[in-house]
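Okay, so here's the structure we're looking at.
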Amino acid sequence: MSDNDSKPALHFIQEIVEADSTAKRWGAWPDGRPRVHTRFPPEPNGYLHIGHAKSIWLNYGLAAQYGGKFNLRFDDTNPVKEEQEYVDSIVRDVRWLGAKWVGMHEITGKTPVSPELAEAGVLFASDYFQQMYDYAVELVKKGKAFVCDLSAEETSRLRGTLTKPGTNSPHRDRSVEENLDLLDRMRRGEFPDGSRTLRAKIDMAHPNLNLRDPVMYRILHAEHHRTGGAWCIYPMYDWAHGLEDSIENITHSICTLEFENHRPLYDWFLDAINEGRTDDGSGPWGKKIPHPQQIEFARLELTHTIMSKRKLLELVKGGHVRGWDDPRMPTLSGLRRRGYTPESIRGFCADIGVAKFNSTIEIVRLENALRDHLNRIAPRRMAVLRPLRLVITNFPDGQIEQLDAVNNPEDESAGKRQVPFSRVLYIERDDFREEPPKGYHRLYPGNEVRLRYAYFVKCTGCVKDTATGKVTEVHCTYDPATRGGDSPDGRKVKGTLHWVSAAHAIDAEVRLYDHLFAAQDPEDVPEGGSYLDHLNPASLEVLTGCKLEPSLADMKLTRDAFGTIHPDRVQFERHGYFCLDPDATPDQLVFNRTVSLKDTWAKVAKKA
RNA sequence: UGGCCCCUAGUGUAACGGUAGCACGACAGACUCUGGAUCUGUUUGUCAAGGUUCGAAUCCUUGGGGGCCAGCCA
């Protein structure tokens, strides 16, 4: 090939959109650019998780890439499962991720915003209920739908099986007049729940079970979170979804693989409505309505976690986690509280690709995307999580020195800060061994190490509790010539330790997290087992009495105009990335470990 | 004894009939005031068999493996 500018590889959906744009298949915006209009259509029956992030980013990313539009639309067609709480959390999470929908009110400051403004531009399928009903009446008139009096059990029995065809409903051949009358009375609430349905008249012998006279409306005398008691019949997903897309003039209706078998039905409904309609609106049925293209891709699966909304709900309700926003949850609210950045989640989504293969991504990929971003933006600080006293026996008692420390070696503009140093410090318990294992180059009797940004110190011994044998204090001497951490004689040390001056340290609680599930695939359980059996008992470790350098007292957790938390993020050197938890109070700092640093030593030590 | 979809290193993902590449991991090394970061190198792959073709990961056939579908859920 002679061209050096190899185009970035497009995934299969981008290829479709690209081809459609070239052909102007979906027409053009007023300025002449080809139209691309996507949407994210969550059902408000749970919190969003990282899998939804992939979908949001796919849909919004496509719209952004092709200069198109993106809708946030709630698919709220089942009042018995849906709640306003979920609407609120979903709107919050989509906004936090960085997707911008049509009509969205963007953040302008920290002044709290009204719920109306927070929801500005958000669409609801329930707003289309009347239009959907009108279309249903049209199908009845066209002889393509009928009212069926069969019970749910009978309907199921007559549907047949995967290998055997179904049987026609005895009500399938009712007259249009009778169907119209019955449908009207269903709508008026004359019939009890479950007594009748409106069904499409397709083919009870179809090999695709979705086409065996599917139910379009069921009777549900339930209070809807938005329409209240206005309706007592509610549309089924298959009937509703294509109409929602059509009404919004969506071009590409992207969904996950399990809807592949539903695409023929998606198309059938739209085709049925368009039958007899014309491009110019002449004729008895009027103008043709838009018919978007449904495209399916593989949903995101991750190791060491679960993505099922039902099971996530179980974890919450069963008290296995503290709530939807527990930092161990794969929910966006959990990841946010844990300290994940929207940038890192987007980066992850861009990284993993879009395809039709059912794959499971190793969770380290997510953690890596996180480290990658945090490494660039997080200021470095020193924090001793499991403190051990270190006394510098030749350092003048009462003397305090302020030493310069670099805030972020990856970002010079982050500048420097001063850290107080004195005779008694805390170091990590793990950084001292009376008898060092092979390859250990931290502190042990006779060994010299560097105290980061401070001095070289040489270990002279330790003090032990006579009863327990536990080391309570380590002693060392320092070399005054190494101030700042460099030796004028060119002498090298292998280890560099972080530390905190005991007299200046602030106390904090630190929560360490590990994978919620110990098993790679929590769903992989023997007969009679449960994914709950794989819950990792060590997924949360709470450390108290941690010692932090004084500058950490400035850490903040802010809330934006929508009440969404934005915690400051830091790297505790040699430990990992941390952020303030909403549980923190002015006199009790609480930190979450977002993700640990890669730990080569741990790997070496484990092998030995 | 149904229909639809899918299968490329350990895990993901490119190659669109013309040299199987990339990322992450793993391993080895360099560098380092974080056993971090960074850099270098190594390793491993087209599910199988036929067919079409000068040439097949790619097209066809058969077989194997996996996913989804029998809600008045989405």
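What's counted below: heavy atoms across the whole structure, side chains too, no hydrogens, waters or symmetry copies. Below, chains carry the letters A, B, ... as their sequence lines are ordered, and counting in each starts from 1. Computed from a predicted model, the values in this text were never measured in an experiment.
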For this session: Identify whether NZ of Lys or CZ of Arg in Lys311(A) sits under 6.0 Å from the centre of the six-membered ring of Tyr531(A) and within 45° of that ring's axis.
Result: yes

Measure [atom1]/[X] against [atom2]/[N] and give the value in whole Å, please.
X: Ile13(A); N: C6(B); atom1: CD1; atom2: P; result: 13 Å
X: Met236(A); N: C72(B); atom1: CE; atom2: C1'; result: 6 Å
X: His11(A); N: A14(B); atom1: NE2; atom2: P; result: 9 Å

Mark yes or no for a side-chain to base donor-acceptor pair under 3.5 Å between [X] and [N], with no hydrogen or angle criteria applied.
X: Asn210(A); N: C69(B); answer: no
X: Asn208(A); N: G2(B); answer: no
X: His262(A); N: A74(B); answer: yes
X: Arg365(A); N: G25(B); answer: no
X: Gln520(A); N: G10(B); answer: no
X: His206(A); N: G3(B); answer: no

For this session: Kindly determine whether Phe578(A) and Phe591(A) satisfy ring pair (Phe, Tyr, Trp, His ring centres under 6.0 Å), including the steps that lead there.
Result: CA-CA 6 Å; Phe578(A) 294 74; Phe591(A) 284 89; 7.1 Å; no

So what does [X] hit on the nucleic acid, given a heavy-atom distance under 4.0 Å: a base, only sugar-phosphate, or nothing?
X: Pro409(A); result: base
X: Arg442(A); result: base
X: Tyr237(A); result: base
X: Leu150(A); result: base
X: Asp75(A); result: sugar-phosphate
X: Gly439(A); result: base
X: Ile361(A); result: sugar-phosphate
X: Glu362(A); result: base
X: Tyr234(A); result: nothing
X: Pro235(A); result: sugar-phosphate
X: Asp486(A); result: base
X: Ala602(A); result: nothing

Given [options], which nucleotide is nearest the side-chain atoms of [X]?
X: Leu209(A); options: G12(B), A74(B), A70(B); answer: A70(B)
X: Lys603(A); options: A74(B), C27(B), G71(B); answer: C27(B)
X: Leu162(A); options: U8(B), G2(B), U11(B); answer: G2(B)
X: Pro207(A); options: C72(B), G3(B), G12(B); answer: G3(B)

Less than 4.0 angstrom between a side-chain N/O of [X] and OP1 or OP2 of [N], yes or no?
X: Lys598(A); N: A37(B); answer: yes
X: Arg218(A); N: C73(B); answer: yes
X: Thr155(A); N: G71(B); answer: no
X: Arg159(A); N: C72(B); answer: yes
X: Thr163(A); N: G3(B); answer: no
X: Lys494(A); N: U32(B); answer: no
X: Thr77(A); N: A74(B); answer: yes
X: Thr303(A); N: U11(B); answer: no
X: Arg380(A); N: U34(B); answer: no

Would you mind pulling out the nucleotide paired to [N], Watson-Crick or G-U wobble, both distances under 3.5 Å?
N: C59(B); value: G51(B)
N: G35(B); value: none
N: A23(B); value: U11(B)
N: A70(B); value: none

For this session: Write down the distance separating the P atoms in C27(B) and G3(B), rounded off to the nearest Å.
Result: 47 Å

Exercise. Within a radius of less than 6.0 Å around NZ of Lys458(A), do more than 12 heavy atoms belonging to other residues, nucleotides or ligands occur?
Worked result: no

Problem set entry | Greater than 12 external heavy atoms within 6.0 Å of Gln402(A)'s CD | yes

Problem set entry | Tyr266(A) and His262(A): CA distance, side-chain angles, deciding distance, ring pair (Phe, Tyr, Trp, His ring centres under 6.0 Å) verdict | CA-CA 6 Å; Tyr266(A) 183 101; His262(A) 295 247; over 10 Å; no

For this session: Hey, could you give me the OG1/NE2 distance between Thr256(A) and His52(A), rounded to the nearest 0.5 Å?
Result: 8.5 Å

For this session: First locate atom OG of Ser359(A), then atom CG of Leu300(A), and finally report the distance between them rounded to the nearest 0.5 Å.
Result: 7.5 Å

Problem set entry | Under 5.5 Å and under 30°: Trp601(A) stacked on G35(B) | yes

Exercise. So, His441(A) and G35(B): ring centres less than 5.5 Å apart, planes less than 30° off, yes or no?
Worked result: yes

For this session: Decide, for G51(B), between syn and anti: a glycosidic angle within 90° of 0 counts as syn, anything else as anti.
Result: anti

Problem set entry | For Asp149(A) against His171(A), the heavy-atom pair lying closest together | N-ND1, 3.2 Å

